[in-house]
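One structure is given here, and the rest of the page talks about it.
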Amino acid sequence: MDASGLPLLDRRIADCRACPRLVSWREEVARAKRAAFADWTYWGRPVPGFGPADARLLIVGLAPAAHGGNRTGRMFTGDRSGDVLYEALYDVGLASQPTAVHAHDGLELYGVRVTSPVHCAPPANKPTPEERDTCRPWLVQELRLLRPTLRAVVVLGGFGWQAALPAFAEAGWPVPRPRPAFAHGARYLLDGLELFGCFHVSQRNTFTGRLTPTMLRDVLRTAARAAGLSPADDRP
């Protein structure tokens, strides 16, 4: 990577066409659209990470939603999972507003970057292992570029955890063998990098109460402190 760093990486990610199944799906969704978004011009491309280049805390998800990030072009933007995540980030003082509607809505993240191990929306929200592995070099490069400032990572869900650990190893962090197991509230130290596990902010988890707003805020607040950020108390 040259001196242009993350902006160049983001542009390269957005142009990727490495996985035929994902390219076909994301573009078909962008053409067919959902009735509620018939007047939108969908992004329909890989979705790069979102947040400052000097982030101290990284949040790793799974993949963009078909009518969320694949529509808006920004991570966790325009879907209910993103609503939950950004409201929690706002509650702990890490985001400028509690909502994420479109890529130009004024949302800013404070010391936090959001990314995923798979950058294209997959059918049924399920990338294949091959697609996960094909996309891994993008996450490895992102981690290397963030390394000078990165101090903590929150990984959302078991798929993200399994995808992220090899990327940490390739990016230069020693990952023990056997690899740390995923669990909500898990916390491991990887050579100065604090790694946290958190249930994914999917509707399946949030609607059933498996992941509550309090649980999510607790993980984010603990990770923010580990990263050297100063989380705020919950807003009323």
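The analysis underlying the following values was restricted to heavy atoms, covering all of them including side chains, and did not include hydrogens, waters or symmetry mates.
- Taking the centre of each ring, His67 and Tyr42 come in below the 6.0 Å mark.
- Contact annotation: the side chain of Ser96 approaches that of Tyr110 to within less than 4.5 Å [non-hydrogen atoms, C-beta and beyond].
- The CG atom of Leu85 lies 12.0 Å from the OG atom of Ser202; values are rounded to the nearest 0.5 Å.
- The backbone N or O of Pro20 lies less than 3.5 Å from no partner atom in the side chain of Ser24, so there is not a single donor-acceptor pair.
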Fill in: Derivation of the side-chain contact (heavy atoms from CB on, under 4.5 Å) call for Leu58 and Val114
CA-CA 6 Å; Leu58 182 67; Val114 181; over 6 Å; no

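- Under the 3.5 Å distance criterion, the side-chain polar atoms of Glu131 are matched with a main-chain donor or acceptor of Thr128.
- Ile59 has its side chain within reach of Leu89: a pair of non-hydrogen atoms, C-beta onward, lies under 4.5 Å apart.
- Counted within 6.0 Å of CZ on Arg80, heavy atoms from surrounding residues, nucleotides or ligands total 12 or fewer; the atom is thus considered open.
- The heavy-atom pair separating Ala171 from Arg147 by the smallest distance is O-NH1, 3.4 Å.
- With Phe199 as the aromatic partner, Arg210 meets the cation-pi criteria of under 6.0 angstrom to the ring centre and within 45 degrees of the ring axis.
- With His119 contributing its side chain and Val47 its backbone, the two residues share a donor-acceptor pair below 3.5 Å.
- Here Arg136 pairs with Asp133 in a salt bridge; the nearest charged N to carboxylate O distance falls below 4.0 Å.
- Considering every non-hydrogen atom in both Cys198 and Val219, the closest pair reads CB-CG1, 4.0 Å.
- When every heavy atom of Pro174 is checked against every heavy atom of Asp191, the shortest pair comes out as CD-CB, 3.5 Å.
- Looking at every heavy atom in both residues, Tyr86 comes nearest to Ala100 through CD1-CB, 3.3 Å.
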Item to complete: Decide yes or no on side-chain contact (heavy atoms from CB on, under 4.5 Å) for Leu107 and Phe50, but give the supporting numbers first.
Response: CA-CA 10 Å; Leu107 174 64; Phe50 168 56; 3.8 Å; yes

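- The minimum heavy-atom distance between Leu145 and Pro148, with the atom names listed, is O-CD, 3.4 Å.
- Of all heavy-atom pairs spanning Ala121 and Asn70, the tightest one is CB-CB, 3.9 Å.
- Using a 4.5 Å heavy-atom cutoff, the side chains of Arg12 and Trp138 are in contact.
- Around CZ of Arg204, the count of heavy atoms belonging to other residues, nucleotides or ligands within 6.0 Å does not exceed 12.
- Between Glu87 and Arg217, no side-chain nitrogen of the basic residue sits less than 4.0 Å from a carboxylate oxygen of the acidic one, so the salt-bridge criterion is not met.
- Tyr188 and Val154 fall within the same hydrophobic cluster, where Ile, Leu, Val, Met, Phe, Trp and Tyr residues are linked whenever their side-chain heavy atoms come under 4.5 Å apart, directly or through other members.
- A salt bridge links Arg45 with Asp15: the closest approach of a Lys/Arg side-chain nitrogen to an acidic carboxylate oxygen falls below 4.0 angstrom.
- Between Trp173 and Leu143 the shortest side-chain heavy-atom distance falls below 4.5 Å.
- Counting heavy atoms from C-beta on, the side chains of Leu109 and Leu94 never come closer than 4.5 Å.
- Taking CZ of Arg132 as the start and CD of Gln162 as the end, the distance is 6.5 Å to the nearest 0.5 Å.
- Linking ILVMFWY residues whenever their side-chain heavy atoms come closer than 4.5 Å, directly or via other members, places Ile13 and Trp43 in the same cluster.
- How far CE of Met215 is from OG1 of Thr206: 11.5 Å, rounded to the nearest 0.5 Å.
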Worksheet entry | Derivation and outcome, salt bridge (Lys or Arg N to Asp or Glu O under 4.0 Å), residues Arg187 and Asp218 | CA-CA 13 Å; Arg187 182 174 183 176; Asp218 285 348; over 6 Å; no

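- Tracing side-chain contacts under 4.5 Å through hydrophobic residues (I, L, V, M, F, W, Y), one never reaches Leu62 starting from Leu220; they form parts of separate clusters.
- Checking Pro46, Pro127, Cys135 one by one against Cys120, the side-chain contact (heavy atoms from CB on, under 4.5 Å) holds for a single residue, Pro46.
- The main-chain N or O of Gly44 is found under 3.5 Å from a side-chain atom of Arg26 such that the two form a donor-acceptor pair.
- No donor-acceptor distance shorter than 3.5 angstrom exists from the side chain of Thr72 to the backbone of Ala103, with no hydrogens or angles considered.
- Under a cut-off of 6.0 angstrom, the local environment of CZ in Arg31 is crowded, with over 12 non-hydrogen atoms contributed by other residues, nucleotides or ligands.
- Between Glu194 and Arg151, no side-chain nitrogen of the basic residue sits less than 4.0 Å from a carboxylate oxygen of the acidic one, so the salt-bridge criterion is not met.
- Between the side chain of Thr77 and the main chain of Met75, a donor-acceptor pair closer than 3.5 Å is present.
- Between Leu190 and Phe168, some side-chain heavy-atom pair lies under the 4.5 Å cut-off.
- Within the model, atoms CZ of Arg221 and OG1 of Thr214 stand 9.0 Å from one another, a figure rounded to the nearest 0.5 Å.
- Salt bridge present: Glu142 and Arg113 bring a charged side-chain N and a carboxylate O closer than 4.0 Å.
- Both Leu139 and Leu57 are assigned to one and the same hydrophobic cluster, defined by single-linkage of ILVMFWY side chains at heavy-atom distances under 4.5 Å.
- The shortest side-chain heavy-atom distance between Arg71 and Phe37 falls under the 4.5 Å cut-off.
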Practice prompt. Evaluate the side-chain contact (heavy atoms from CB on, under 4.5 Å) criterion for residues Thr99 and Asp105: first the C-alpha distance (whole Å), next the side-chain angles of each, then the deciding distance (0.1 Å), finally the verdict.
Written response: CA-CA 9 Å; Thr99 57; Asp105 57 11; 5.7 Å; no

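- Rounded to the nearest 0.5 Å, atoms CG (Leu146) and CG (Leu6) are 5.0 Å apart.
- By the 6.0 Å and 45° rule, Arg34 does not stack over the aromatic ring of Trp40.
- The hydrophobic clustering, which links ILVMFWY residues whose side-chain heavy atoms are closer than 4.5 Å, places Val155 and Phe196 together.
- Contact of the Pro117 side chain with the Val60 side chain is registered, since non-hydrogen atoms from C-beta on lie closer than 4.5 Å.
- Separation of atoms NE2 (His184) and NE2 (His200) is listed at 13.5 Å; rounding is to 0.5 Å.
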